[in-house]
Protein chains: 2
Amino acid sequence: MRLTERKIAATLRQHGYKLTPQRRSVIRTIASSQDHLTPAAIYQKVHQDQPSIGLVTIYRTLDILAKLELICELHAGGSCHSYTIGARGHHHHLICSNCGEVIDFAGYDLTQLEQRLSRQTGFEIEGHLLEFIGLCQNCQQEDD
Amino acid sequence: MRLTERKIAATLRQHGYKLTPQRRSVIRTIASSQDHLTPAAIYQKVHQDQPSIGLVTIYRTLDILAKLELICELHAGGSCHSYTIGARGHHHHLICSNCGEVIDFAGYDLTQLEQRLSRQTGFEIEGHLLEFIGLCQNCQQEDD
DNA sequence: ATATAAATGATAATATTTTTCATTTACAAC
DNA sequence: GTTGTAAATGAAAAATATTATCATTTATAT
Ligand SMILES: [Mn+2]
Ligand SMILES: [Mn+2]
Ligand SMILES: [Zn+2]
Ligand SMILES: [Zn+2]
């Protein structure tokens, strides 16, 4: 269930953040949108409500909200520019958060889930993104 | 199985792209790395081999390689700046590639797969990213 | 060897994100 | 309500990242 404006405001304050009109407006904008929004898009919308707001404040607010997990960051097919070598056939990736090592793995099938989602939502599903993040063995040892 | 330099070169030519020393070097760099690399990182490495190469050529080559699916683009925890409202509990996202609508869904458990991967690779898994991309009902109709 | 379209690199333009710092403001304490 | 204070804001600049333009070079087919 999606978080409400109220809940988000409360959590912010619980963590010692001040509840400014700018932050309220950013929260309201995101909470009332069905889409995912970039900082620039949020700025545009918030600007109507708070004409004097600066784009920096958007960035700063988003950082806080994301850190507290009050908003979700999406990849959404957008282009991250980090690449690894391709492989034959469909596969997914396991990535070390410390050294960046990438392991390909295959044999995990998401078509059942895809069908369930398609049935439940009416979406025509085009693809998916599945990545795991963790620490490789080397990097675990270094942590000692 | 990871694609080889040879295979990639062949595919490029099959698609009518010329096989320049610059492109060879970019391919070799990516193919011989265990990590995922940004354009800047690739540039640094390739530059040692091809001191006169420009960063633009890296970008252009990556675009081609990605389009032909000879390399994989990773999100890798990197920060895409597109956000949607948070939700209670762990969940994943289904996103319309046309209008950006985001649907949350829960109840799909990846811990079994996580455990399998952990056992097989020795990784200590910290998290994952699962997103589906598709067309929502509205956007399907507009396509007619 | 030659012709030619494709690719490259220098440069500039654009877009995105972060830093810095003086001013303003939310909020707690009185 | 007033006041004090640390936190937040916005303007501006700086730093990064990406894309566009165009004259020159080059891979490849002939
Ligand atoms: Mn891969
Ligand atoms: Mn969500
Ligand atoms: Zn590692
Ligand atoms: Zn849609």
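We use all heavy atoms of the structure for the numbers below, so side chains are in, but hydrogens, waters and symmetry mates are not. Residue numbering restarts at 1 for every chain, and letters A, B, ... go by the order of the sequence lines.
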What is the distance, rounded to the nearest whole Å, between atom OH of Y43(B) and atom P of dT8(C)?
14 Å
Separation of Y83(A) atom OH from dT18(D) atom C1', in whole Å?
11 Å
By nearest-heavy-atom nucleotide on DNA chain C, the more 5' of Y17(B) and L55(A) is Y17(B)
Side chain of V56(B), heavy atoms from C-beta onward: which of dT17(C), dT11(C), dA17(D) has the nearest atom to it?
dT11(C)
Check the distance between dT26(D)'s P and R24(B)'s CZ and give it to me in whole angstrom.
16 Å
hydrophobic_cluster_shared for L110(A) and L74(B), side chain cutoff 4.5 Å
no
Tell me the interatomic distance from L65(A), atom CG, to dA8(D), atom C1', rounded to whole angstroms.
14 Å
Measure the distance from CG on L62(A) to P on dT16(C) and round it to the nearest whole Å.
14 Å
From the list T57(A), D49(A), T20(A), T61(A), side chain to side chain donor-acceptor pair (under 3.5 Å) with S25(A) holds only for D49(A)
Under 4.0 Å between any heavy atoms, over every strand shown, what does R60(B) touch: base, sugar-phosphate, or nothing? Just pick one.
base
In terms of side-chain heavy atoms, does D109(A) have a donor or acceptor partner in T111(A) at a distance below 3.5 Å?
yes
Heavy atoms only, 4.0 Å cut-off, all strands: where does R13(A) land among base, sugar-phosphate and nothing?
sugar-phosphate
Please report the distance, rounded to the nearest Å, between CD in Q50(B) and P in dA10(C).
13 Å
Take the protein atom CD1 of I58(A) and the nucleotide atom C1' of dA8(D), then report the distance between them rounded to whole Å.
13 Å
Roughly how far, to the nearest 0.5 Å, is CG of N98(A) from CG of N138(A)?
10.0 Å
Over all strands shown, is P51(A) touching base, sugar-phosphate only, or nothing at heavy-atom distances under 4.0 angstrom?
nothing
Would you say H81(B) reaches dT17(C)'s phosphate, i.e. side-chain N/O to OP1/OP2 under 4.0 Å?
yes
From the set dA27(D), dA7(D), dG10(D), return the single nucleotide nearest to any side-chain atom of K18(A).
dA7(D)
The residue, L19(B) or D63(B), whose nearest nucleotide of DNA chain D is more 5′ is D63(B)
Does dG9(C) have OP1 or OP2 sitting under 4.0 Å from an N or O in the side chain of Q22(B)?
yes
State yes or no: do Y83(A) and I103(A) share one hydrophobic cluster built from I, L, V, M, F, W and Y residues joined by side-chain heavy-atom distances below 4.5 Å, directly or via other members?
no
Side-chain N or O of T20(B) versus OP1/OP2 of dT26(D): is the shortest distance under 4.0 Å?
no
Identify which nucleotide among dG9(C), dA7(C), dT17(C) has an atom closest to any side-chain atom of Y59(A), counting heavy atoms from C-beta outward.
dT17(C)
Would you mind reading off the distance between H15(A) atom NE2 and dC27(C) atom C1', rounded to a whole angstrom?
18 Å
